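Everything on this sheet refers to the single structure shown next.
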Amino acid sequence: MAKRTPLRNVRAFRSAILGWFHEQGRDYPWRRTTDPYAILVSEIMLQQTTVAAVLQNRRFERFLATFPDLATLATASEAELLREWEGLGYYNRVRNLQKTARVVLAEHNGRFPSDPILLATLPGIGRYTAGAVASFAFDRSTPIVDANIARVLTRLFNHRAPIDTTESRHQLWSWADNLVPPQNARAFNSAVMELGQTHCSARVPACLDCPVHDFCSTRNPASLPTKKPKRKTMEVIEHVLFIQKRNGSILLAQEGGSRRNGLWKLPERSHHQVADFPHLATRKYSITHHRVTLHIHRCPTSQVPPKPVNSIEQFHSPQALAALPMASPFRQALLALMERKR
């Protein structure tokens, strides 16, 4: 059991975790800046995406090289926007990021507010992101609770109720608010978050090496946090067509809906419409709670089945494909098919 408690010994708790972070904190590119625009970009990228995925191929740095400031992001076309975000998924994130750039330019004279309450009024910015920008860019003493911090707090206070309930969320934010120091909140919030990424990890917590193990109340950290039962995974089957003209142009369909609106994909048809076409390949991918099996069929240009009502389908040259925004599963499938044609 804990020898001390985080709230009753709050100064000692802050000192312990800040001392550890000062010595062992990781060097992420978004930690080298206090620019609120760059920090917002990193926070939006890291929503529903792992740190490793953002670090891979320097996605954060590449995005800022393409859109170095609010003005370049605000004036970008949707195709440019989606193409630069490709592979990170959840494309409404970058659409909201562009909306925020436009609002800050139009309503805040191009300067981000430092108040988390005002930040939370910007498009796509919730309580966590508002607190993160206020804390990391302006060193405002404001709490933040992401998955890593929630795991740390749950174990510190031995909170055994499911964390994805209104009551638990309120409790976690209350603890975070009481722990964040009046000064140096940027380092403190980074430290608690990193503790959740490293020592207080989900599967194999390294309790003996934890810098705040004396403050932790749980006896079985691997069992925490708990959540409500997961939504069942749904199996989905998609049939798409690979249609290529003699000049190499390929027929693509523009996606609708809210999730991948504006991206391009191989045109989809029902299994009855593709029954007589040769089967080229099968690929699998997952998106949220769906597990998709993608069947690809070759179709002659003279036998293209009728397209769905109101859908947009166009032929694109091989040279134009690189600039088109496209979800990763379809980009990978298309590249593999074109490689086979050589």
Side-chain angles (χ1 to χ4, degrees), residues 1-2 5-7 43-54 88-93 95-96 116-117 119-120 123-132 135 142-180 189-207 210 212-213 215-237 257-260 284-293 327 329:
M1 297 297 291
T5 64
L7 294 180
E43 291 298 333
I44 298 298
M45 278 192 175
L46 289 165
Q47 292 173 6
Q48 305 294 330
T49 307
T50 65
V51 171
V54 173
L88 293 170
Y90 299 92
Y91 292 89
N92 279 339
R93 292 183 297 170
R95 291 190 179 98
N96 283 328
I117 296 177
L119 285 165
I125 296 185
R127 186 177 182 182
Y128 163 77
T129 305
S135 173
T142 185
I144 60 173
V145 178
D146 71 341
N148 289 300
I149 292 177
R151 184 166 55 254
V152 171
L153 294 175
T154 299
R155 291 171 175 173
L156 282 172
F157 293 98
N158 197 32
H159 184 72
R160 309 208 68 82
I163 62 170
D164 47 352
T165 65
T166 301
E167 294 78 12
S168 286
R169 292 189 189 100
H170 178 77
Q171 180 63 79
L172 292 171
W173 278 94
S174 177
W175 282 329
D177 189 29
N178 286 316
L179 291 175
V180 66
N189 284 333
S190 296
V192 182
M193 187 181 299
E194 185 153 320
L195 187 70
Q197 295 170 349
T198 56
H199 293 69
C200 204
S201 61
R203 296 182 180 177
V204 188
C207 298
C210 178
V212 291
H213 64 85
F215 299 86
C216 189
S217 297
T218 185
R219 293 183 176 181
N220 188 10
S223 67
L224 293 175
T226 62
K227 292 185 177 181
K228 293 183 292 187
K230 287 186 178 181
R231 189 174 180 180
K232 290 185 178 180
T233 300
M234 297 178 60
E235 298 289 342
V236 177
I237 297 177
S258 60
R259 187 176 298 278
R260 298 194 298 203
K284 295 188 176 183
Y285 68 94
S286 297
I287 178 169
T288 59
H289 60 281
H290 296 87
R291 186 161 52 234
V292 182
T293 300

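On a predicted model such as this, the values are computed, not experimentally measured, just so you know.
In this structure, P205 and H199 have side chains that are not in contact, with every pair of non-hydrogen atoms separated by 4.5 Å or more. Between E43 and I125, the closest side-chain pair of non-hydrogen atoms is not below 4.5 Å. L179 is listed as a side-chain neighbour of L153, based on a closest heavy-atom distance under 4.5 Å. Looking only at side-chain heavy atoms (C-beta outward), F215 and T5 stay at 4.5 Å or farther from each other. Counting heavy atoms from C-beta outward, R160 and S223 have side chains that approach closer than 4.5 Å. With contacts defined as side-chain heavy-atom distances shorter than 4.5 Å, the pair M45/T49 does not qualify.
For the residue pair C207 and P221, the shortest heavy atom distance occurs at SG-CG, 3.6 Å. The two residues G131 and I144 make their nearest non-hydrogen contact at C-CG2, 3.3 Å. Contact between L119 and A130 at its shortest, heavy atoms only, is CD1-O, 3.4 Å. The minimum heavy-atom distance between V54 and L46, with the atom names listed, is CG2-CD2, 3.7 Å. The minimum heavy-atom distance between R203 and A222, with the atom names listed, is O-CB, 4.4 Å.
With hydrogens and angles disregarded, a donor-acceptor distance shorter than 3.5 Å links the side chain of R93 to the backbone of Y90. Formation of a donor-acceptor pair under 3.5 Å by the S135 side chain with backbone atoms of A132 is not found in this model. The main-chain N or O of K227 is never found under 3.5 Å from a side-chain atom of D164 such that the two would form a donor-acceptor pair. No donor-acceptor pair closer than 3.5 Å links the side chain of D177 to the backbone N or O of W173.
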ask   = Stepwise, does the side chain to side chain donor-acceptor pair (under 3.5 Å) test hold for Y128 with Q47?
value = CA-CA 10 Å; Y128 163 77; Q47 292 173 6; over 6 Å; no

request  = Starting from the C-alpha separation in whole Å, work towards a yes-or-no answer on side chain to side chain contact (heavy atoms under 4.5 Å, CB included) for M234 and H289.
outcome  = CA-CA 6 Å; M234 297 178 60; H289 60 281; 4.0 Å; yes

ask   = Stepwise, does the side chain to side chain contact (heavy atoms under 4.5 Å, CB included) test hold for T226 with I163?
value = CA-CA 6 Å; T226 62; I163 62 170; 5.7 Å; no

ask   = Should H159 and S168 be marked as a side chain to side chain donor-acceptor pair (under 3.5 Å) after you check the CA-CA gap, both sets of side-chain angles, and the distance that decides it?
value = CA-CA 9 Å; H159 184 72; S168 286; 2.9 Å; yes

ask   = Are V292 and S286 close enough, and set up right, to give a side chain to side chain contact (heavy atoms under 4.5 Å, CB included), and what steps lead you there?
value = CA-CA 6 Å; V292 182; S286 297; over 6 Å; no

message = Checking T142 against V180 for the side chain to side chain contact (heavy atoms under 4.5 Å, CB included) test, could you report, in this order, the C-alpha distance in whole Å, the side-chain angles of both residues, the deciding distance, and whether it holds?
response = CA-CA 7 Å; T142 185; V180 66; over 6 Å; no

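For the pairing with R151, the side-chain contact (heavy atoms from CB on, under 4.5 Å) check across N148, T154, I149 returns one residue only, N148. Each of P6, S217, C216 was compared with F157 under the side-chain contact (heavy atoms from CB on, under 4.5 Å) criterion, and only P6 meets it.
For CZ of R291, the number of neighbouring non-hydrogen atoms (other residues, nucleotides, ligands) closer than 6.0 Å is 12 at most. The environment of CG in L7 is crowded: more than 12 heavy-atom neighbours from other residues, nucleotides or ligands sit within 6.0 Å. For H170, the NE2 atom is loosely surrounded, since the number of other residues' heavy atoms within 6.0 Å does not exceed 12.
Rounded to the nearest 0.5 Å, atoms NE2 (H213) and CG (L156) are 12.0 Å apart.
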